[in-house]
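These figures come from a predicted structure and were not determined experimentally. Each residue takes its place number in the sequence, starting with 1. Read the numbers this way: they start at 1 and go in the same order the structure lists the ligands and their atoms. Values below: every heavy atom of this structure, side chains too, minus hydrogens, waters and symmetry copies.
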Amino acid sequence: MADEVLYEVEDGVAIITINRPEKYNALNVDVANAMHSFFQKAEEDPEVRAVILTGMGEKAFAAGADITAFPGRDSKTVRPFVEKGQAVANYIEALSIPTIAAVNGYALGGGCEFAMACDIRYASANARFGQPEINLGIIPGYGGTVRLPRLVGLGVAKELVLSGNPIKADEALRIGLVNKVFETVEDLRNGTMELARTLAKKPGVAIKLAKQSLSNAWEMSLKDNLSYEVDVFCQTFDTEDKEEGVDAFLNKREPVFKHK
Ligand code: COA
């Protein structure tokens, strides 16, 4: 099952590709397990400084959970499945290095949810986003009802989840669900790699702390988060990278960060 998800590293960027194109990259337990271990592998490799999550082919990023696993399941037997998917999404979101979803087609259900767990979403013009679970008599379970309203606002999220209607890439851009739309899948892959290469060169400690402080906005009170920001801002002043970044600026040269 290992090749249902592919892993490669290029220029300090890990590329994780869901590889079930004939099933529109539908997600099953093996895919979720492989994704989990590849994200872990990326985080543990000091040479990897950014991750791209994408789908194989030009049709789908991931068309959601594999529906063939649903018949006959009840609340008890579905729980480990949904818990695993949500754990993977949570793991992606908490990763200490930047993550970009390169959405190359349908991102439905769990596909949309995994994309939302990434820091940044780029898409090709043929991408379609949606949470169609309602049409199966179920609801999103990999964090969709939680992350979607945080990204696009409660009213828009309710329309998407309650109607199950998919939206096109330009609409996803308009509502802030994606950061950028490219004309073709090839342009998307190039544009995503360019951003990932840029992010991979940034100082790792500052990246990790900035991500944490940004995410805290969803978890802490305003007062606590502002106080946390002061703490981690101060921490960055103990890093070698801060000396390097400041020295590089003052001496009009490019910084070379060591991520410490
Ligand atoms: N689970 C299992 N198989 C899926 C799937 C899913 N979520 N999404 C697509 N597939 C499979 C189809 O069954 C089909 O397989 P087959 O060729 O063996 O019949 C193949 O992928 C292509 O899908 P198809 O429906 O023929 O393509 P399409 O272009 O007409 O439609 C979609 C594409 C994505 C709109 C449609 O497949 C769809 O609605 N998928 C389900 C989306 C969903 O509800 N996701 C949430 C699940 S909780």
(Q) I need the minimum non-hydrogen distance between Phe114 and Ala89, along with the two atoms involved. (A)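 In terms of heavy atoms, the two residues are closest at CE2-N, 3.6 Å.
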Between the candidates Gly141, Cys112, Ala26, which shows the shortest non-hydrogen contact distance to atom 5 (C) of ligand 1?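 Nearest option to atom 5 (C) of ligand 1, by heavy atoms: Ala26.
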Among Tyr24, Phe70, Tyr142, which residue places a heavy atom closest to atom 22 (C) of ligand 1?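 Selected option, by shortest heavy-atom distance: Tyr24.
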When you measure from [atom] to every protein heavy atom, which one gives the shortest distance, and what is it?
atom	result
atom 8 (N) of ligand 1	Ala63 CB, 3.5 Å
atom 47 (C) of ligand 1	Ala65 O, 3.7 Å
atom 44 (O) of ligand 1	Pro132 CG, 3.5 Å
atom 19 (O) of ligand 1	Lys23 NZ, 4.7 Å

Quick check: Thr68 and ligand 1, any N/O pair under 3.5 Å apart?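 No.
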Practice problem: Indicate yes or no: does an N/O atom of Ile67 lie under 3.5 Å from an N/O atom of ligand 1? | Solution: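 Checking ligand 1 against Ile67, an N or O pair does fall under 3.5 Å apart.
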Any non-hydrogen protein atom below 4.0 Å of atom 40 (N) of ligand 1?
->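 Given the 4.0 Å cut-off, atom 40 (N) of ligand 1 does not count as touching protein heavy atoms.
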For Asn19, all residues meeting side chain to side chain donor-acceptor pair (under 3.5 Å), sequence neighbours excluded: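 Result, side chain to side chain donor-acceptor pair (under 3.5 Å) vs Asn19: none returned.
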Review point. Are side-chain N/O atoms of Gln212 and Asn216 paired as donor and acceptor at under 3.5 Å?
Key: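 Yes, side-chain donor-acceptor contact under 3.5 Å.
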Q) Under the ring pair (Phe, Tyr, Trp, His ring centres under 6.0 Å) test, which residues partner Tyr7, sequence neighbours left out? A)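 With sequence neighbours excluded, Tyr7 shows a ring pair (Phe, Tyr, Trp, His ring centres under 6.0 Å) to Phe38, given in chain and number order.
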